[in-house]
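In this chain, residues are counted from 1 in sequence order. Just so you know, these numbers use all the heavy atoms, side chains as well, and skip hydrogens, waters and symmetry mates.
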Amino acid sequence: VARRLSLRKHPECRSMAGGKAIEHLAQTGNRQQHTFRLPMQQYRNCDFSFSGLQNLVNKVIIQKEKEEGIREGEILSCVKDIAAAAQHAVAVHIIQRTYRAMLFCIKNSILSSKNATLVVSGGVASNQYIRKGLQTLADVNDFALLCPPPRLCTDNGVMIAWNGIERLRAGLGVLHSTDGIRYEPK
């Protein structure tokens, strides 16, 4: 969403990563100006998916670009409102799915309802709006919430890549030849 909104060109967001830029702009945006249907409401499971939401946001951006007579890559006048609405939809989706996972774990005795802890990490855990929503969820359900400080909440892809570098250096689980391996598209 940040890329599609061209937030690197926004004067307040030039040096920010996409998620941080969305969070920053959303603070002064009106999330009620746009309502995005939440993803996967028909599925009663704990899975997350943001592709449908991304498509909905993209459609609104295209519509607003037409209305404002601007091309893709230019900053919309309603960029803060779109950021706020998108952030809110993401937060609600995460909170709903996390709540289902909490209930599933308790119901199936995977997790005790006493002294239960919800741990959130990765890039999403640095978003204070999402974190606040998850804190409310944890409080209402008598869970502790454990989140690393935002400076340690880096992108999971970066953490996976770093793990790969360390494994390569140590020679652990490294495939040196792809002979005999079949690759098939999904």
Side-chain angles (χ1 to χ4, degrees), residues 1-10 13-26 38-40 43-55 57-58 83 86-87 89-138 141 143-186:
V1 171
R3 190 176 310 119
R4 184 59 184 85
L5 287 170
S6 302
L7 296 187
R8 293 260 175 184
K9 295 178 182 178
H10 194 284
C13 304
R14 281 191 167 91
S15 64
M16 295 180 188
K20 185 67 178 167
I22 293 283
E23 181 180 11
H24 173 76
L25 294 176
L38 295 176
M40 302 178 66
Y43 299 108
R44 301 288 178 220
N45 58 32
C46 304
D47 297 344
F48 294 96
S49 176
F50 299 97
S51 60
L53 179 58
Q54 183 177 346
N55 289 334
V57 174
N58 194 41
Q87 176 181 254
V90 166
V92 171
H93 182 56
I94 289 171
I95 291 163
Q96 284 181 349
R97 297 300 169 155
T98 301
Y99 180 54
R100 285 187 181 152
M102 291 162 65
L103 293 176
F104 176 85
C105 289
I106 291 169
K107 180 181 176 191
N108 292 290
S109 301
I110 297 169
L111 190 60
S112 168
S113 60
K114 294 187 189 307
N115 301 320
T117 302
L118 172 62
V119 179
V120 182
S121 64
V124 72
S126 66
N127 182 294
Q128 296 303 305
Y129 186 82
I130 294 171
R131 206 184 266 223
K132 192 180 294 184
L134 289 169
Q135 182 66 65
T136 301
L137 175 68
N141 290 283
F143 273 61
L145 177 67
L146 185 63
C147 294
R151 66 183 174 78
L152 298 177
C153 294
T154 59
D155 186 296
N156 287 334
V158 173
M159 291 187 275
I160 292 167
W162 187 262
N163 180 269
I165 290 169
E166 294 298 325
R167 291 178 66 82
L168 180 64
R169 286 180 179 159
L172 298 172
V174 177
L175 181 67
H176 296 286
S177 171
T178 57
D179 295 341
I181 295 179
R182 285 186 21 213
Y183 295 93
E184 297 178 24
K186 283 186 173 182

Please give me the minimum heavy-atom distance between [X] and [Y], naming the atom from each residue.
X      : Y     : value
Ile130 : Ala91 : CG1-CB, 3.8 Å
Ile94  : Phe48 : CA-CE2, 3.5 Å
Leu38  : Ala89 : CD2-O, 3.5 Å
Ala86  : Val1  : CB-CG1, 4.4 Å
Met16  : Ala21 : SD-CA, 3.8 Å
Arg100 : Asn45 : CD-O, 3.1 Å

Note to self: Ser6 and side-chain contact (heavy atoms from CB on, under 4.5 Å): which single residue from Arg8, Arg3, His10, Lys9 fits?
What the structure shows: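 So, applying the side-chain contact (heavy atoms from CB on, under 4.5 Å) to Ser6 and each of Arg8, Arg3, His10, Lys9, only Lys9 qualifies.
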So how far is it from [X] [atom1] to [Y] [atom2], rounded to the nearest 0.5 Å?
X      : Y      : atom1 : atom2 : result
Leu134 : Asn127 : CG    : CG    : 9.5 Å
Cys46  : Met102 : SG    : CE    : 11.0 Å
Leu111 : Phe143 : CG    : CZ    : 5.0 Å
Thr136 : Ile95  : OG1   : CD1   : 7.5 Å
Tyr129 : Ile22  : OH    : CD1   : 13.0 Å
Arg151 : Ser126 : CZ    : OG    : 13.0 Å

Any heavy-atom pair between the side chains of [Y] and [X] that's under 4.5 Å?
X      : Y      : value
Gln135 : Cys147 : no
Leu7   : His24  : no
Ile110 : Phe104 : yes

Output all residues satisfying side-chain hydrogen bond (donor to acceptor under 3.5 Å, both in side chains) with [X], sequence neighbours left out; order by chain, then residue number.
X      : result
Arg4   : Asn58, Glu65
Glu23  : none
Tyr99  : none
Asn163 : none

Check: Can you list every pair that meets salt bridge (charged side-chain N to carboxylate O under 4.0 Å, His left out) and has a residue in residues 160-176, with sequence neighbours left out?
Finding: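 Of all non-adjacent pairs touching residues 160-176, those that pass salt bridge (charged side-chain N to carboxylate O under 4.0 Å, His left out) are Glu166-Arg169.
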Item checked: Phe50: partners by ring pair (Phe, Tyr, Trp, His ring centres under 6.0 Å), with sequence neighbours left out ->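 Applying ring pair (Phe, Tyr, Trp, His ring centres under 6.0 Å) to Phe50 gives His93.
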